[in-house]
Amino acid sequence: MVRKYFGTDGIRGLANGDKLTPELALKIGMAAGQKFVRGDHRNRVVIGKDTRRSGYMIESALGAGFTAVGMDVYFLGPMPTPAVAMLTRSLRADLGVMISASHNPFEDNGIKLFRPDGYKLSDELEKEIEALIDSDMSSSLAHGREIGRAYRDEEARTRYIEYAKRTLPRGTDLAGLRVVLDCANGAAYKVAPIALWELGAEVFTIGDKPDGFNINDKVGSTAPEAVSAKVKEVRADIGIALDGDADRVIIVDEKGEVIDGDQFMAVIAQSWLKREMLLGGGIVATVMSNLGLERYLASLGLTLERTKVGDRYVLEAMRAKGFNVGGEQSGHIILSDFTTTGDGLVAALQLLAVLKNEERTVSEICARFTKVPQLLRSVKFKSGKPLEHKQVIQAIADGEAMLGIGGRLVVRASGTEPVIRVMGEADDAALVATVVSQVEAAIRDVA
């Protein structure tokens, strides 16, 4: 069954466009509510959102759908995605919902659903909800006293702030650290600055004045130039840039240089290994993570388990094989001792704890390995399946042979747009460029 509404990370699209409308949100509330109404207690759902103007519209429609099938709704207001996952568990909710399109522009929005344990729904559950959306749900409507109520939870922010602070090693405070925090004008614009300030840091905040339209606009993890410039302006020790829903984080060192997720994971892996916290004998990352990370981990006696691109695949591997650290080069860092999804603030706190403990600069702490030359190209195509064409298959085989066992070639279709990603890496940068160009040319010939 081909999924009609759900993509790789919930439902996402242009607000009031073909895919995401108030009518669909109402039906999602009714359908998801049916699946998670259970037992004779007052079933409850928590709903968080980022700062997009369309969030008001979507949360109201979702709330109507959930109350219509007998669920009580707790509106959390602007709240990071990982906070919604945590509060779903903490408040013993039967379902959690996050309204966000993450790092997309403000015109888009999305809906993510969380099970009572804080994990995202399985593909099977999403298919069942889709089937209900397109069915007659009138028989599931609640009546009389069974219709749900809606509340505004004014304490949710405090709950999450305290939770995030408790993830630090006992006795750690951030006094003396100058921190630039970029909230992307998004979901964490209230909670993240408060958490860092309460921990003792001197906080310089940017991207903390959302107006409904400026989320991710020249700020946040997808535009690190803003936090980099501010770090240099105020001579901060570190810059932290979150994305629109704060499940992703990018770090900037004291020189204004960007530290990607691979170096970030290397720091946490070594720190947790030293503290005897690391489980699974290594970490999980995607096929896009640099070969230098794999070699660094091997020098520590650790493994790198690779998955397909996407934080959900990272998390699946972590749960299946007993790892507690995983993530993506793009800044999705999952620390399963604390969270069930990527959490930019919690991940950043782990790095700040290392910074405070080691009393070295961020540029020194995060220089764990030398990156192997890596080149990524994106090739657009109009239709068809270019990766199944004989010419492309042969070009990929030839490229792999040229790189040999000391290199890697990853060719994959994007899950969100008609684009083929071609990534090559090896110690010889010129060879990598040649291989990637040949594969790219083969794809263009048939695309």
Check your understanding: Between Asp311 and Lys120, is a salt bridge (charged side-chain N to carboxylate O under 4.0 Å, His left out) present by the stated rule, with each step listed?
Key -> CA-CA 11 Å; Asp311 60 317; Lys120 294 177 183 177; 3.4 Å; yes
Check your understanding: When you look at Lys255 and Asp253, which way does the salt bridge (charged side-chain N to carboxylate O under 4.0 Å, His left out) test go after all the steps?
Key -> CA-CA 5 Å; Lys255 302 173 185 176; Asp253 68 20; 5.8 Å; no
Exercise for review: Could you walk me through whether Asp108 and Arg12 pass salt bridge (charged side-chain N to carboxylate O under 4.0 Å, His left out), step by step?
Suggested key: CA-CA 7 Å; Asp108 293 339; Arg12 189 179 298 185; over 6 Å; no
Point to revise | Evaluation steps, side-chain contact (heavy atoms from CB on, under 4.5 Å), between Ile240 and Val249 | key: CA-CA 7 Å; Ile240 299 168; Val249 61; 3.7 Å; yes
Practice item. In sequence, state the C-alpha distance, the side-chain angles, and the governing distance for Arg178 and Glu202, and then conclude on salt bridge (charged side-chain N to carboxylate O under 4.0 Å, His left out). Key: CA-CA 5 Å; Arg178 293 167 62 85; Glu202 184 179 3; 3.2 Å; yes
Point to revise | Worked check of side-chain hydrogen bond (donor to acceptor under 3.5 Å, both in side chains) between Asp243 and Ser102 | key: CA-CA 7 Å; Asp243 70 341; Ser102 190; 3.1 Å; yes
Practice item. List the steps, then state whether side-chain contact (heavy atoms from CB on, under 4.5 Å) holds for Lys308 with Glu316. Key: CA-CA 11 Å; Lys308 294 189 293 185; Glu316 285 173 3; over 6 Å; no
Check your understanding: Hey, mind stepping through Arg412 and Ile420 against side-chain contact (heavy atoms from CB on, under 4.5 Å) and telling me if it holds?
Key -> CA-CA 6 Å; Arg412 66 179 185 88; Ile420 303 295; over 6 Å; no
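The CD atom of Gln270 lies 6.5 Å from the CG atom of Leu300; values are rounded to the nearest 0.5 Å. Atom OG1 of Thr172 sits about 9.5 Å away from atom NZ of Lys356, to the nearest 0.5 Å. How far CG of Leu315 is from OG1 of Thr307: 10.0 Å, rounded to the nearest 0.5 Å. Note that CD of Glu294 is 11.0 Å distant from CG of Asp262, once rounded to the nearest 0.5 Å. Rounding to the nearest 0.5 Å gives a distance of 9.5 Å between CG of Leu168 and CG of Asp173. Phe114 contributes atom CZ, which lies 11.0 Å from atom CG of Leu87 (distance to the nearest 0.5 angstrom).
Partners of Tyr296 by ring-ring contact (aromatic ring centres under 6.0 Å, His included), not counting sequence neighbours: none found. Evaluation of the ring-ring contact (aromatic ring centres under 6.0 Å, His included) rule for Tyr5 yields no partner, not counting sequence neighbours.
Checked for salt-bridge contact, Arg42 and Asp72 meet the test: a charged N lies under 4.0 Å from a carboxylate O. Electrostatic pairing of Lys165 and Glu162 counts as a salt bridge here, judged by a charged N lying under 4.0 Å from a carboxylate O. A salt bridge is defined here as a Lys NZ or Arg NE, NH1 or NH2 lying under 4.0 Å from an Asp or Glu carboxylate O, and Lys371 with Asp260 meets this definition. Ionic pairing of Arg152 and Glu59 is present here: one or more N-O contacts between side-chain nitrogen and carboxylate oxygen are shorter than 4.0 angstrom. Ionic pairing of Lys230 and Asp182 is not present here: no N-O contact between side-chain nitrogen and carboxylate oxygen is shorter than 4.0 angstrom. Using a cut-off of 4.0 Å between Lys/Arg side-chain N and Asp/Glu carboxylate O, Asp123 and Arg312 are scored as salt-bridged. Between Asp247 and Lys112 there is a salt bridge, since a side-chain N of the basic residue sits under 4.0 Å from a carboxylate O of the acidic one.
In this structure, Asp153 and Val46 have side chains that are not in contact, with every pair of non-hydrogen atoms separated by 4.5 Å or more. Using a 4.5 Å cut-off on side-chain heavy atoms (C-beta onward), Leu177 and Ile238 make no contact. Side-chain contact between Asp134 and Lys4 is present, with heavy atoms from C-beta onward closer than 4.5 Å. Considering only heavy atoms from C-beta on, Ile129 comes within 4.5 Å of Leu113 through its side chain. By the 4.5 Å heavy-atom criterion applied to side chains, Ile259 and Ile250 are not counted as neighbours. Looking at heavy atoms from C-beta onward, Ile99 lies in side-chain contact with Asn109 at the 4.5 angstrom threshold. Proximity of Thr205 to Asp208: side-chain heavy atoms (C-beta onward) are separated by under 4.5 Å at one or more points. In this structure, Arg319 and Tyr119 have side chains that are in contact, with non-hydrogen atoms separated by less than 4.5 Å.
In terms of heavy-atom proximity, Leu20 sits nearest to Gly110 at CD2-N, 3.7 Å. The two residues Leu95 and Ala32 have their closest heavy-atom pair at CD2-CB, 3.8 Å. Minimum interatomic distance between Asp94 and Phe36 (heavy atoms only, all atoms of both residues): O-CD2, 3.2 Å.
Cation-pi geometry between Lys49 and Tyr56 is satisfied (NZ or CZ under 6.0 Å from the ring centre, within 45° of the ring normal).
With no hydrogens or angles considered, a side-chain donor-acceptor pair links Thr81 and Asp245 at under 3.5 Å. Judged by distance alone, the side chains of Ser140 and Gln34 do bring a donor and an acceptor atom under 3.5 Å apart. Defined by atom type and a distance below 3.5 Å, a donor-acceptor pair is present between the side-chain atoms of Glu254 and Ser363. Under the 3.5 Å distance criterion, with hydrogens and angles disregarded, no donor-acceptor pair is assigned to the side chains of Arg248 and Ser221. If you check the side chains of Asp343 and Tyr160, you find a donor sitting under 3.5 Å from an acceptor. In the model, Thr361 has a side-chain atom that pairs as donor or acceptor with a side-chain atom of Glu364 under 3.5 Å.
For the pair Asn216 (side chain) and Asn104 (backbone), a donor-acceptor distance under 3.5 Å is present. In this structure a side-chain-to-backbone donor-acceptor pair under 3.5 Å is missing from Gln350 to Ile268. Formation of a donor-acceptor pair under 3.5 Å by the Arg306 side chain with backbone atoms of Ser289 is found in this model. A donor-acceptor pair is defined here as one N or O able to donate and one able to accept, closer than 3.5 Å; such a pair exists between the side chain of Glu130 and the backbone of Phe6. Under a 3.5 Å cut-off, the side chain of Asn290 and the backbone N or O of Val372 do form a donor-acceptor pair.
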